[in-house]
Amino acid sequence: MKKFLSILLAAVLVLSLTACGGDSGSSGGASSGGSDANSSSSDSGSSGDSQDAGTPASDFPTKGISVICPWGAGGGTDACLRALSDAIGKELGQTLTVDNRTGGGGIIGHQAISDADPDGYTIGMITFELSTYKPLGSSELTYEDYDLLCRVNRDPAAVTVNAEWAAANGITDLKTFVDYCLAHPGDVQMGGSSNASVWHIGGGYLMQETGIDIQMITYEEGAATAVQNAASGFIQGVTVSLAEARNFIESGHLICLAVMDTERAELFPDVPTCQEQGYDVTYYVWRGMGVPKGTDPAALEILRDACAKAVESPEFVEYMKNAGLGIAYLDAGEFGDFLAQNADDVANSMEALGLC
């Protein structure tokens, strides 16, 4: 554990100096809406009164909307956001185009959402990592830099390993994995996403609870590359969500040993929880929607209403179920309360792990 924390602290120092720099990538994906926008007020907690009918924002939106994703294509955030964008587009009768702005451990994308014009035509998905930036000293961004739309999703981490490596070393469940790691301290490499991101910290929780010493390998572009590397055998496993590892689990390249939840996942009901195997490890990611602070109140209400309806649309519900992504909707007010508590909890957890 001490070895892990030493390596992680060194990585954090590098991130704090460089996270706001680096390149940003972009890959677009469009989804077309199919119905007129419903401009009635939402019950999700407005930050201002809607404008009177006849003002420029009353017929919002009149053109397509850009949707910023702070993480790379192929990961869980990207998959969830593209499905949601399609559903929102149908509610608004406009095209929503996903724009992946990667780099800086998600800072570049989160900053781009905050810095956009507050006219309602740029929205984005904010993620767990937003609660880590200020404790790390890598960015001053917090949830308070956005007008919130809703929380969409919550998913637990899982312990997933390369199938060939597991078979060669007699690893069949979480206990045999822990026993192997205890016998080979520092040898096992597990991937997450970027430094001090949700899945990186998830690996730290696993070590803290089980007493193992593993190397957490970080991937600035997100979890998709980590999963690919685990499936190829470049690293031994990952501590990402089941949804992100699903394709390689189903292909037989990876096997999931445990899910960090209080109950088994519907997608893989044969995979036991950590708690079932004697390790009290529960850990989750969250994802939600936000817009630049000060967004036009009328546009804000329309977007909130569209999000609430999109999350309940049969197509979105079916997609999330098939993808193994959990829907955990909170309206804007509830999401704000959740984020305030989450910010405190994450800061305390990072301090306990020696990350800040």
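We count residues from 1, following the sequence as given. Side-chain atoms are counted along with the backbone in the values below, which use heavy atoms only and exclude waters and symmetry mates.
Summarising the geometry of I171 relative to L257, their closest heavy-atom pair is CG2-CD1, 3.9 Å, with the distance given to 0.1 Å. The shortest non-hydrogen separation linking D99 to S66 is CB-OG, 4.3 Å. Shown here for L96 and S85, the closest heavy-atom pair between the two residues is CD2-O, 3.7 Å. Closest approach of I113 and G124 over heavy atoms only: CD1-CA, 3.6 Å. Residue A347 comes nearest to P135 through the heavy atom pair CB-CG, 4.0 Å, listed as atom of the first residue, atom of the second, then distance. Among all heavy-atom pairs drawn from M125 and M289, the shortest one is CE-SD, 3.7 Å.
E144 and K293 are not joined by a salt bridge, as no carboxylate oxygen comes within less than 4.0 angstrom of a charged side-chain nitrogen. Salt bridge absent: D86 and R82 never bring a charged side-chain N and a carboxylate O closer than 4.0 Å. Look at D155 and R287 and you find a salt bridge, because one of the NZ, NE, NH1 or NH2 atoms lies within 4.0 Å of a carboxylate O, short of that distance. By the 4.0 Å N-to-carboxylate-O rule, R304 lies close enough to E301 to be salt-bridged with it.
In terms of modelled atom types and a separation under 3.5 Å, the side chain of E220 and the main chain of G105 share a donor-acceptor contact. A distance-only check finds no donor-acceptor pair linking the side chain of D147 to the backbone of V291 [under 3.5 Å]. When atom types are taken as modelled, the side chain of E250 and the backbone of N247 share no donor-acceptor pair closer than 3.5 angstrom. N153 places a side-chain N or O within 3.5 Å of a backbone atom of G326 that can act as its donor or acceptor partner. A side-chain donor-acceptor contact under 3.5 Å links R264 to the backbone of P269. Remark: side-chain polar atoms of Q215 are not paired, donor with acceptor, to backbone N or O of V188 under 3.5 angstrom. No donor-acceptor pair under 3.5 Å is formed between the side chain of S114 and the backbone N or O of Q111.
When side chains are defined from C-beta on, V240 does not count as touching V285, because their heavy atoms never get closer than 4.5 Å. Contact annotation: the side chain of T262 never approaches that of T273 to less than 4.5 Å [non-hydrogen atoms, C-beta and beyond]. Contact of the T122 side chain with the D117 side chain is not registered, since no non-hydrogen atoms from C-beta on lie closer than 4.5 Å. Side-chain atoms of L174 and T210, non-hydrogen and from C-beta on, never get closer than 4.5 Å to each other. Two residues are said to be in side-chain contact when any heavy atoms from C-beta on lie closer than 4.5 Å; L141 and L130 meet this criterion. In this structure, the side chains of F335 and Y329 stay at 4.5 Å or more apart for every pair of heavy atoms. In this structure the side chain of V317 reaches within 4.5 angstrom of the side chain of I327, judged on heavy atoms. Looking only at side-chain heavy atoms (C-beta outward), L206 and V159 come within less than 4.5 Å of each other.
Residue pairs meeting the side-chain hydrogen bond (donor to acceptor under 3.5 Å, both in side chains) criterion with at least one member in residues 123-133, sequence neighbours excluded, are W71-T127, H110-Y133, T127-E129, S131-N342.
Atom-to-atom distance recorded for L92:CG and L303:CG is 6.5 Å, nearest 0.5 angstrom. The NZ atom of K63 lies 10.0 Å from the CD atom of Q94; values are rounded to the nearest 0.5 Å. Atom-to-atom distance recorded for C274:SG and E209:CD is 9.0 Å, nearest 0.5 angstrom. Between the CD1 atom in I88 and the CG atom in L149 there is a gap of 7.5 Å [rounded to 0.5 Å]. To the nearest 0.5 Å, atoms CD1 (I235) and CE (M216) are separated by 8.0 Å. Rounded to the nearest 0.5 angstrom, H184 NE2 and N169 CG are separated by 7.0 Å.
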Note to self: Run T62 and Y121 through side-chain hydrogen bond (donor to acceptor under 3.5 Å, both in side chains) and show every step you take.
What the structure shows: CA-CA 9 Å; T62 60; Y121 288 99; 3.2 Å; yes

Margin query: Is there a side-chain contact (heavy atoms from CB on, under 4.5 Å) between S193 and W199? Walk through the geometry before answering.
Written below: CA-CA 6 Å; S193 40; W199 303 139; 3.7 Å; yes

Check: Hey, mind stepping through V152 and C80 against side-chain contact (heavy atoms from CB on, under 4.5 Å) and telling me if it holds?
Finding: CA-CA 9 Å; V152 179; C80 177; 4.0 Å; yes

Next item on the list: Any chance you could lay out the side-chain contact (heavy atoms from CB on, under 4.5 Å) test for T97 and I65, step after step, and finish with the verdict?
Entry: CA-CA 6 Å; T97 303; I65 294 173; over 6 Å; no

Next item on the list: Given side-chain contact (heavy atoms from CB on, under 4.5 Å), test V259 with F268 step by step and report yes or no.
Entry: CA-CA 10 Å; V259 60; F268 292 101; over 6 Å; no

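Partners of T225 under the side-chain contact (heavy atoms from CB on, under 4.5 Å) rule, at least two apart in sequence or in another chain, are Y219, E221, N229. Checked against ring-ring contact (aromatic ring centres under 6.0 Å, His included), Y283 has the following partners two or more places apart in sequence or in another chain: Y205.
Remark: E315 CD is packed, more than 12 non-hydrogen atoms of other residues, nucleotides or ligands lying under 6.0 Å away.
If you run side-chain hydrogen bond (donor to acceptor under 3.5 Å, both in side chains) between K175 and each of D173, D179, T172, only D179 comes through.
Under the 4.5 Å side-chain contact rule for hydrophobic residues, F234 and M190 do not share a cluster.
Counting only N and O atoms by type, the side chains of Y284 and D261 include a donor and acceptor under 3.5 Å apart. A side-chain donor from one of Q275 and D280 sits under 3.5 Å from a side-chain acceptor of the other. Side-chain contact, Q341 with D337: no donor N or O sits under 3.5 Å from an acceptor N or O.
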